[in-house]
Amino acid sequence: MLNRALRRFLRQLWRLVWRGALLFALLSVALVLLFRFVPPPGSMVMVERKIQSWINSEPITIQRQWRSWDNLSSSAKLAVIAAEDQRFPVHRGFDLVELRRAWQASQDGSRLRGASTLSQQTAKNVFLWSGRSWARKGLEAWFTLLVETFWSKQRILEVYLNVAEWDRGVFGLEAASQHYFGVSASALSERQASLLAAILPSPRTRSASRPDAQVERRSQWILQQMRNLGGVGYIERL
């Protein structure tokens, strides 16, 4: 009798699990398809920052204005590719070369290096929370596959530039451009774009308008990489 009851419980539990997984898969696909055509109303990172501000009793105002692809500086598009993911036009969401290098570095005891692509960062920013748990990484891989399947490379970069965090409460290229330089996202110079890309690893502790020596060096490296990639014509590969 006990074994029969246990088997019944396990069957019901399994049915509940796979139905929940199916529902999650369908909802996530529906959301990704929706955001292929409709600008996301925000991002989970924005929600996370807002909740953190409430918990810490430190009020925060989210600054963000969506700008379409044609109203985003070509220099900024190229700068973030040069800084974050130079194989963005050719990979399918995961940079196997960088993953291999990161793995080798970890085995050698070297400082851990980032290997997240722009596709992965977009998936994380829009749909997930920050952090390094295996659960979050697994969901990040799932959403990365979805955006790579249903969005174009142009759409991925457009969404990324509109949700990326550039300072406390400052999200998206338009808000960042106004915040640091007092210009619109379409009017950024090559130099300004490189400075914005340079602070992306730690946007809440660095400044694009008042760059320290480290940001300045990274900005110069990004400018050189932009030239090595062939200039803004590289964006046409998207």
Residues Arg49, Arg204; criterion side chain to side chain contact (heavy atoms under 4.5 Å, CB included); working and verdict: CA-CA 12 Å; Arg49 296 291 183 250; Arg204 293 191 293 170; 3.5 Å; yes
Test log, rule side chain to side chain contact (heavy atoms under 4.5 Å, CB included), inputs Leu118 and Ile81: CA-CA 8 Å; Leu118 288 173; Ile81 290 175; 3.9 Å; yes
Check step by step if side chain to side chain contact (heavy atoms under 4.5 Å, CB included) holds for Ile156 and Phe88. CA-CA 10 Å; Ile156 293 171; Phe88 176 65; 3.9 Å; yes
Might you work through the side chain to side chain contact (heavy atoms under 4.5 Å, CB included) test for Phe150 and Val29, ending with a clear yes or no? CA-CA 9 Å; Phe150 296 113; Val29 169; 4.1 Å; yes
Yes or no on salt bridge (charged side-chain N to carboxylate O under 4.0 Å, His left out) for Glu158 and Arg36, after CA distance, side-chain angles and deciding distance? CA-CA 10 Å; Glu158 179 184 32; Arg36 175 180 178 178; over 6 Å; no
Evaluate Ser119 against Thr144 for side-chain hydrogen bond (donor to acceptor under 3.5 Å, both in side chains), listing each step before the verdict. CA-CA 6 Å; Ser119 303; Thr144 298; over 6 Å; no
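Proximity of a side-chain donor or acceptor of Tyr180 to a complementary backbone N or O of Leu195 within less than 3.5 Å is not detected. The main-chain N or O of Ala164 is never found under 3.5 Å from a side-chain atom of Asn125 such that the two would form a donor-acceptor pair. In this structure, the side chain of Glu174 engages the main chain of Ala185 through a donor-acceptor pair within 3.5 Å. Between the side chain of Thr117 and the backbone N or O of Gln120 there is at least one donor-acceptor pair closer than 3.5 Å. No side-chain donor-acceptor contact under 3.5 Å links Asp167 to the backbone of Val170. For the pair Arg67 (side chain) and Gly172 (backbone), a donor-acceptor distance under 3.5 Å is absent. When atom types are taken as modelled, the side chain of Arg136 and the backbone of Ser130 share no donor-acceptor pair closer than 3.5 angstrom. Between the side chain of Asn56 and the backbone N or O of Glu58 there is no donor-acceptor pair closer than 3.5 Å. Checked by atom type and distance alone, the side chain of Ser186 never pairs as donor or acceptor with a backbone atom of Ser73 at under 3.5 Å. At distances below 3.5 Å, not a single donor-acceptor pair connects side-chain atoms of Ser219 with backbone N or O atoms of Val215.
A continuous path of Ile, Leu, Val, Met, Phe, Trp and Tyr side chains, each step under 4.5 Å between heavy atoms, connects Val183 with Leu196, placing both in one hydrophobic cluster. Linking Ile, Leu, Val, Met, Phe, Trp and Tyr whenever their side-chain heavy atoms come within less than 4.5 Å leaves Phe143 and Val47 in two separate clusters. Cluster membership for Trp69 and Leu78, using ILVMFWY side-chain heavy atoms within less than 4.5 angstrom, is shared. In terms of hydrophobic clustering, with Ile, Leu, Val, Met, Phe, Trp and Tyr side chains grouped at heavy-atom distances under 4.5 Å, Ile51 and Leu128 are assigned to different clusters. When hydrophobic clusters are built by joining Ile, Leu, Val, Met, Phe, Trp and Tyr residues whose side-chain heavy atoms come closer than 4.5 Å, directly or via intermediates, Val38 is grouped together with Leu31.
Heavy atoms only, all atoms of each residue included: Pro201 and Pro203 are closest at C-CD, 3.7 Å. Trp129 and Lys124 make their closest contact through O-CG, 3.9 Å (heavy atoms, listed as atom of the first residue, atom of the second, distance). Taking both residues in full, the closest heavy atoms of Arg155 and Phe35 are given as NH2-O, 2.6 Å, listed atom of the first, atom of the second, then distance. Nearest heavy atoms, Glu165 versus Leu200: O-CD2, 4.0 Å.
For the pair Leu139/Phe127, no side-chain contact is recorded, criterion being any heavy-atom separation below 4.5 Å from C-beta on. Between Pro89 and Tyr234, the closest side-chain pair of non-hydrogen atoms falls below 4.5 Å. Side-chain atoms of Trp151 and Leu146, non-hydrogen and from C-beta on, never get closer than 4.5 Å to each other. The shortest side-chain heavy-atom distance between Ser184 and Gln178 falls under the 4.5 Å cut-off. Between Phe181 and Gln192, the closest side-chain pair of non-hydrogen atoms falls below 4.5 Å. The closest side-chain heavy-atom distance from Pro211 to Arg206 is not below 4.5 Å. Side-chain contact between Val45 and Phe171: present, with at least one pair of heavy atoms (C-beta onward) separated by less than 4.5 Å. Side chains of His91 and Asp85 form a contact here, defined as non-hydrogen atoms less than 4.5 Å apart.
Checked against salt bridge (charged side-chain N to carboxylate O under 4.0 Å, His left out), Arg191 has the following partners two or more places apart in sequence or in another chain: Glu216. For Arg87, the salt bridge (charged side-chain N to carboxylate O under 4.0 Å, His left out) partners are Asp95, Glu98, not counting sequence neighbours.
Remark: Arg218 engages Glu84 in a salt bridge, criterion side-chain N to carboxylate O under 4.0 Å. One finds a salt bridge joining Lys153 and Glu148 here, because a Lys/Arg side-chain nitrogen approaches an Asp/Glu carboxylate oxygen to under 4.0 Å.
The line from CZ of Arg64 to CE of Met46 is 4.5 Å long, rounded to the nearest 0.5 Å. Here Leu161 contributes atom CG and Lys77 contributes atom NZ; the two are 8.0 Å apart, rounded to the nearest 0.5 Å. Residue Glu140 holds its CD atom at 10.5 Å from CG of Leu145, rounded to the nearest 0.5 Å. To the nearest 0.5 Å, the span separating CD1 on Ile235 from CG on Leu72 amounts to 11.0 Å. Note that CH2 of Trp166 is 14.0 Å distant from OG of Ser207, once rounded to the nearest 0.5 Å. Here the CZ-CD1 distance, from Arg227 to Ile222, works out to 12.0 Å after rounding to the nearest 0.5 Å.
The side-chain tip of Lys137 does not point at the ring of Trp142 from less than 6.0 angstrom away and within 45° of straight on.
Exactly one residue among Val159, Leu173, Asn71 makes a side-chain contact (heavy atoms from CB on, under 4.5 Å) with Trp66. That residue is Val159.
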